[in-house]
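Throughout, protein chains are lettered first and strands after them, A, B, ... in sequence-line order, and every chain is numbered starting at 1.
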Protein chains: 2
Amino acid sequence: MSKTTSQRPQSGGPARSTAAGVTIGKLARAAQVGVETVRYYQRRHLLAVPHSARGGVRRYPSEMVDRIRFIKRSQSLGFSLDEIRELLRLEEGGSRSAIRKIAATRLTNIRDKLAALKRMESALADLLRECEHANSVAPCPIITALSVDPQDVIFSPNVARAA
Amino acid sequence: MSKTTSQRPQSGGPARSTAAGVTIGKLARAAQVGVETVRYYQRRHLLAVPHSARGGVRRYPSEMVDRIRFIKRSQSLGFSLDEIRELLRLEEGGSRSAIRKIAATRLTNIRDKLAALKRMESALADLLRECEHANSVAPCPIITALSVDPQDVIFSPNVARAA
DNA sequence: CTTGACTCCGTACCTAGGTACGGAGCTTAA
DNA sequence: TTAAGCTCCGTACCTAGGTACGGAGTCAAG
């Protein structure tokens, strides 16, 4: 549809010719990402750079939209771009166990972060509750806890900034 | 204690004189951070830079160790350096409500992250379980889910990379 | 008075995942 | 043919919280 100029929602302009495939701008719009993001994925080797057909403007197969969506969905599950590159490599025909291994590693990492965040959440919630119920002349319990408190209770060291 | 050279555990060297206070290296060691980290906190205005007593080497009051520990404990509860700067400013005499507001904001943020991580965790755990129980000839359920799946179920968009 | 350890200061680098800029060239509608 | 709008490519910038480097100065002990 819309080979000629008939309706085109997003900022129309010259972007197609008779050649097969779409230009990078159209690809990016279709995948709901920025052109710069597509180029970034190319630099990170998540997307191939098609051979430019003499002259310079490259044409992308429309399946590449699916590949970008794959990337985005994978990110939403917490995978890093490096992991997603592996997943894409394994996508067709790769061993299930390799895929599971990547997923399992990421799952462990997510659970670690979850545990760290839960500790923060409960410590902070406790302090906040304490502060709301403490009498007004006493020093703020939040500040007090942060000020000296060598007691563990609050945290095990170096759990906050774990990747 | 230990005004003279009597025992010094960590890599001795010239670091004190008759002047009051400690040098940056001693301060950093006492607070369990790197010298560069102390300087970084100075640049970020979490720590004051003492006037250098003619000649160049600055002397730090030992209370500054407590200040650095305050920063570290605050970080372990999830506060950003900007927030910690505020907390330090409010530490003595600041309004409790201002302190509570900072803590409450951070708590909300932590809970948001927690919710996002939980969604990731359960989606990923489900897929992994599915994959382990699926028969071997079928395509990997993880890949399948990432490949097309326009159905929501897995995620609400843009929840992954929230700050 | 030399030597070694430290300090001072500015600057660059790191992770992760992009975003932004800018000049040059291509494409196509008018 | 010209102008708009795109593409190409390299490079710099962003967040957050540091870490690393390197030259010059200082300080104290031997």
Nearest-Å distance for atom pair [atom1]/[atom2], residues [X] and [N]:
{"X": "R59(A)", "N": "dT7(D)", "atom1": "CZ", "atom2": "C1'", "value": "10 Å"}
{"X": "R85(A)", "N": "dG18(C)", "atom1": "CZ", "atom2": "P", "value": "13 Å"}
{"X": "L46(B)", "N": "dG18(D)", "atom1": "CG", "atom2": "P", "value": "10 Å"}
{"X": "H51(A)", "N": "dC8(D)", "atom1": "NE2", "atom2": "P", "value": "14 Å"}
{"X": "E83(B)", "N": "dT15(D)", "atom1": "CD", "atom2": "P", "value": "16 Å"}
{"X": "L27(B)", "N": "dC6(C)", "atom1": "CG", "atom2": "P", "value": "15 Å"}
{"X": "H45(A)", "N": "dG17(C)", "atom1": "NE2", "atom2": "P", "value": "15 Å"}
{"X": "F79(B)", "N": "dA16(D)", "atom1": "CZ", "atom2": "P", "value": "16 Å"}

Does the side chain of [X] get closer than 4.0 angstrom to OP1 or OP2 of [N] through an N or O atom?
{"X": "S80(B)", "N": "dG17(D)", "result": "no"}
{"X": "Y41(A)", "N": "dG18(C)", "result": "yes"}
{"X": "T37(B)", "N": "dG17(D)", "result": "no"}
{"X": "Q75(B)", "N": "dG18(D)", "result": "yes"}
{"X": "T23(A)", "N": "dC6(D)", "result": "no"}
{"X": "K72(B)", "N": "dG17(D)", "result": "no"}

Quick one: which protein N/O atoms are closer than 3.5 Å to N/O atoms of nucleotides 9-11 of chain C? Pair and distance per line, please.
| unit_1 | atom_1 | unit_2 | atom_2 | d |
| --- | --- | --- | --- | --- |
| dC9(C) | OP1 | R58(B) | NH2 | 2.7 |
| dC9(C) | OP2 | R58(B) | NE | 3.4 |
| dC9(C) | OP2 | R58(B) | NH2 | 3.0 |

Can you tell which of R89(A), R106(A), R44(A) makes a salt bridge (charged side-chain N to carboxylate O under 4.0 Å, His left out) with E83(A)?
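Exactly one candidate clears the test, R106(A).
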Using the rule side-chain contact (heavy atoms from CB on, under 4.5 Å), only one of T23(A), I24(A), L47(A) pairs with Y60(A); which is it?
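Only one of T23(A), I24(A), L47(A) forms a side-chain contact (heavy atoms from CB on, under 4.5 Å) with Y60(A), namely I24(A).
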With a 3.5 Å distance limit and no angle check, can you tell me whether R69(B) reaches the backbone of Q32(B) through a side-chain donor-acceptor pair?
no
Review item, side-chain donor-acceptor pairs of residues 123-134 of chain B, under 3.5 Å, at least two apart:
| unit_1 | atom_1 | unit_2 | atom_2 | d |
| --- | --- | --- | --- | --- |
| D126(B) | OD1 | R129(B) | NH2 | 2.8 |

Can you find a heavy atom in the side chain of I71(A) that is under 4.5 Å from one in the side chain of L81(A)?
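Touching, per the 4.5 Å side-chain cut-off.
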Given [options], the nucleotide with the shortest approach to the side chain of [X]:
{"X": "V57(A)", "options": "dG18(C), dC8(D), dT19(D)", "answer": "dC8(D)"}
{"X": "L81(A)", "options": "dG18(C), dC8(C), dT7(D)", "answer": "dG18(C)"}
{"X": "R44(A)", "options": "dC8(D), dG17(C), dT7(C)", "answer": "dG17(C)"}

S122(B) meets the side chain to side chain contact (heavy atoms under 4.5 Å, CB included) criterion, sequence neighbours left out, with none
What distance do M120(A) atom CE and L107(B) atom CG have between them, rounded to the nearest 0.5 Å?
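Between M120(A) CE and L107(B) CG, I get 12.0 Å after rounding to 0.5 Å.
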